[in-house]
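A quick note: this is a predicted structure, and the numbers were derived from the prediction, not measured. Just so it is clear: chains get the letters A, B, ... in the order the sequence lines come, proteins before strands, and each one is counted from 1.
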2 protein chains.
Amino acid sequence: MTEISLRQLRYFDALATHNHFSRAAAVCAVTQPALSMQIKELEDALGTSLIERGTRQIRLTRFGEHAVRRAREILRFVDELGEAARASRDEFVGRLRIGMIPTIAPYLLPKLMKEAGNRYPQLEVRIREALTSKLMLEVMDGRLDAAIVALPVSSPALTEAALFSEEFVLVRPGEDEGTPVPSSEKLRELRLLLLEEGHCFRDQALSFCGVHSLPPREILDASSLSTLVQMVSAGMGVTLIPEMAISVETRSASVSVARFKDPRPSRTIGMIWRKTTPLASHLVQFSDLVRRAGKPFSKRGR
Amino acid sequence: MTEISLRQLRYFDALATHNHFSRAAAVCAVTQPALSMQIKELEDALGTSLIERGTRQIRLTRFGEHAVRRAREILRFVDELGEAARASRDEFVGRLRIGMIPTIAPYLLPKLMKEAGNRYPQLEVRIREALTSKLMLEVMDGRLDAAIVALPVSSPALTEAALFSEEFVLVRPGEDEGTPVPSSEKLRELRLLLLEEGHCFRDQALSFCGVHSLPPREILDASSLSTLVQMVSAGMGVTLIPEMAISVETRSASVSVARFKDPRPSRTIGMIWRKTTPLASHLVQFSDLVRRAGKPFSKRGR
DNA sequence: TTCTGTCATAAAATTATATTATAATCCTGA
DNA sequence: TCAGGATTATAATATAATTTTATGACAGAA
């Protein structure tokens with residue numbers, strides 16, 4: 001004995017509406033014996049008869065009446081599944097979980113959320129802030145759809161899409177305003193304040209100074225750019241911050257901002273996602289949005 | 001492109017629970033390629049991907065998560081349809097619509113309903129009272145499941161099951177008690193009170209008297225046995241009533257009841273149903289119940 | 001690199017479904 | 001009561017869908 005199939009339910013539905021095998025078969029675009037057999041199979045599968053067959057006319061049995069209601073319900077659910085699929089592939093709707101590193105999130109977020117709200121009103125964007133390593137893990141095992149980080153991350157499982165590059169600027173105490181900008185080598189002699197371990201921005205700053213690790217220092221590393229700037233303002237040293245952080249972080253601090261001459265330090269911001277994600281095309285679209293949001297900070301306004 | 005099938009949903013369900021093609025295939029008792037292909041077909045049919053395929057592990061896509069919930073819902077509905085079918089065929093439950101003619105209903109009903117309540121507590125018995133011709137029509141077009149009438153009805157579309165036979169008795173005014181019982185021929189000379197046209201009992205009574213139609217009479221025909229007996233009690237004539245009506249109808253009337261010598265008039269009570277009804281076996285069962293209910297009235301206690 | 005686990009693909013075999021042709025049934029009307 | 005028409009069932013055959021077997025492709029681990 002075979003299983004119940006949707007085909008059987010569809011034929012049964014047609015039969016119940018037309019009360020006539022041949023006409024129902026025509027509606028289903030099959031021949032009458034095909035429909036007859038499927039109905040019989042359905043009856044076999046259910047172990048009970050659905051149709052009272054008279055020569056002149058047929059009618060549903062008691063249970064048939066009940067069954068056809070159920071069958072139609074089932075068919076409707078199946079159709080809705082198809083509709084849901086269509087809706088989900090055509091439109092970028094639902095939830096998008098984006099990770100961002102702490103040296104990007106506070107600065108990019110306002111503009112990004114505004115643009116996302118305009119462009120994809122149906123989309124719920126959730127932001128999670130964490131260090132690159134954690135974000136990578138979360139993207140890889142599906143807890144995030146994508147992350148916005150500094151490139152490269154170089155993981156074979158991830159696609160990287162570069163969005164824009166931004167320069168780092170030197171933040172010095174307010175009174176240093178106008179004094180010559182030190183070269184990257186000179187920076188090493190200054191008291192360079194840095195983020196704590198794990199932030200890629202720390203490594204990028206160090207790399208600019210030509211060092212890749214640092215001997216233990218007397219002062220504690222900061223956990224945010226905000227703190228760093230406040231430390232500079234308090235005269236504890238100098239620091240680097242990315243372009244996008246300038247306006248937010250230096251607004252209420254007595255610090256001066258200076259740009260480097262070549263070689264100018266910079267980082268490339270990009271988005272990463274699983275190579276296998278089916279959201280890929282959506283994410284490419286979305287990355288464009290992020291690119292637009294980051295444009296004001298972008299090197300050479302690009 | 002093919003249609004969505006339940007098989008695909010079942011495989012998808014298994015795949016979503018095991019997150020592993022081969023194991024899911026094993027659970028479904030098919031080989032892995034079979035399952036892979038059905039999943040692919042499902043994705044094609046939906047026009048969207050459900051599974052993110054990684055070499056090491058797979059996971060559901062966003063839409064896949066939604067789809068599997070829907071799929072399981074659908075599968076549950078289908079299973080329930082099967083269960084409902086099983087329930088409906090094993091047990092005699094639900095609604096049973098029985099028609100009865102007016103010369104049976106009031107007398108058989110109390111006992112029948114009591115017995116039915118004992119034997120099939122799950123069964124809702126609905127009674128409709130009408131003349132034989134109407135009942136036959138209603139049985140034939142499915143508004144009734146069966147009817148209890150006097151046989152024969154001789155319709156090729158209907159099955160007749162004889163249940164019991166009962167005699168007719170003569171009802172005379174109380175003062176006739178003890179006087180000789182007239183023969184059927186003599187009855188013709190008496191003022192025989194009858195039910196109105198359409199009642200089979202009228203025809204049966206006439207037939208007993210050897211006449212098949214009656215010239216217009218001065219008196220009106222009665223619409224119930226009850227009225228007939230009251231008319232007899234009022235001295236308007238005599239009448240015949242069936243055995244089962246005696247105790248109810250003569251209780252509160254000053255009439256005398258007399259039985260005929262051979263040939264004794266009688267009628268056969270039976271049940272009729274559509275030859276094509278799937279309730280046939282249930283109705284045979286039920287007819288047994290009716291037989292039991294009618295036993296006390298039965299000719300020779302049979 | 002090679003091995004291993006995993007899913008995809010291709011060809012062949014099997015099974016399910018459809019079609020065509022015809023039978024059976026039963027109602028209709030002479 | 002008998003022929004004719006309408007309707008569904010059945011049988012044989014044809015077609016299509018599904019499964020299996022065998023193999024490929026790919027990525028991650030040793």
Lys/Arg N to Asp/Glu carboxylate O, D288(B) vs R291(B), below 4.0 Å = yes
Those residues of residues 12-22 of chain A lying under 4.0 Å from DNA chain D by at least one heavy atom = H20(A), F21(A), S22(A)
Rounded distance in Å - CD1 (I51(A)) to C1' (dA9(D)) | 14 Å
May I have the distance from E43(A) (atom CD) to dA9(D) (atom C1'), rounded to whole angstrom?
-> 12 Å
Reading nucleotides 15-22 of chain D 5' to 3', which nucleotides get B (base under 4.0 Å from a protein heavy atom), which S (sugar-phosphate only), which -?
-> ---SBBBB
Quick one: is K275(B) getting a side-chain N or O under 4.0 Å of the dC26(C) phosphate, OP1 or OP2?
-> no
Check ion pair D79(B)-R76(B) (N to O, under 4.0 angstrom) = no
Rounding to a whole Å, what distance do you find between E3(A):CD and dT15(C):P?
-> 16 Å
So do E73(A) and R69(A) actually touch side chain to side chain, heavy atoms under 4.5 Å?
-> no
Is any side-chain nitrogen or oxygen of K40(A) closer than 4.0 Å to OP1 or OP2 of dT10(D)?
-> yes
Give a yes or no on whether a salt bridge exists between R7(B) and E3(A), defined as a side-chain N under 4.0 angstrom from a carboxylate O.
-> no
Rounded to whole Å, CE of M140(A) lies from P of dA27(D) at a distance of 16 Å
Whole-Å gap separating C1' (dA9(D)) and CD1 (I58(A)) | 13 Å
Any sub-3.5 Å donor-acceptor pair from E138(A)'s side-chain atoms to A147(A)'s backbone N or O?
-> no
Between dT6(C) (P) and R59(B) (CZ): distance, integer Å | 16 Å
If you measure from the Lys or Arg side-chain nitrogens to the Asp or Glu carboxylate oxygens, is any gap between R95(A) and E124(A) under 4.0 Å?
-> no
Side-chain donor/acceptor of R143(B) to backbone N/O of L137(B), under 3.5 Å = no
Flag the pair E196(A) and R202(A) as a salt bridge only when some basic side-chain nitrogen lies within less than 4.0 angstrom of an acidic carboxylate oxygen.
-> no
May I have the step-by-step check of side-chain contact (heavy atoms from CB on, under 4.5 Å) for I51(B) and L60(B), ending in yes or no?
-> CA-CA 4 Å; I51(B) 305 287; L60(B) 293 183; 3.4 Å; yes
Please report, rounded to the nearest Å, how far the P atom of dC7(C) is from the CD1 atom of I39(B).
-> 11 Å
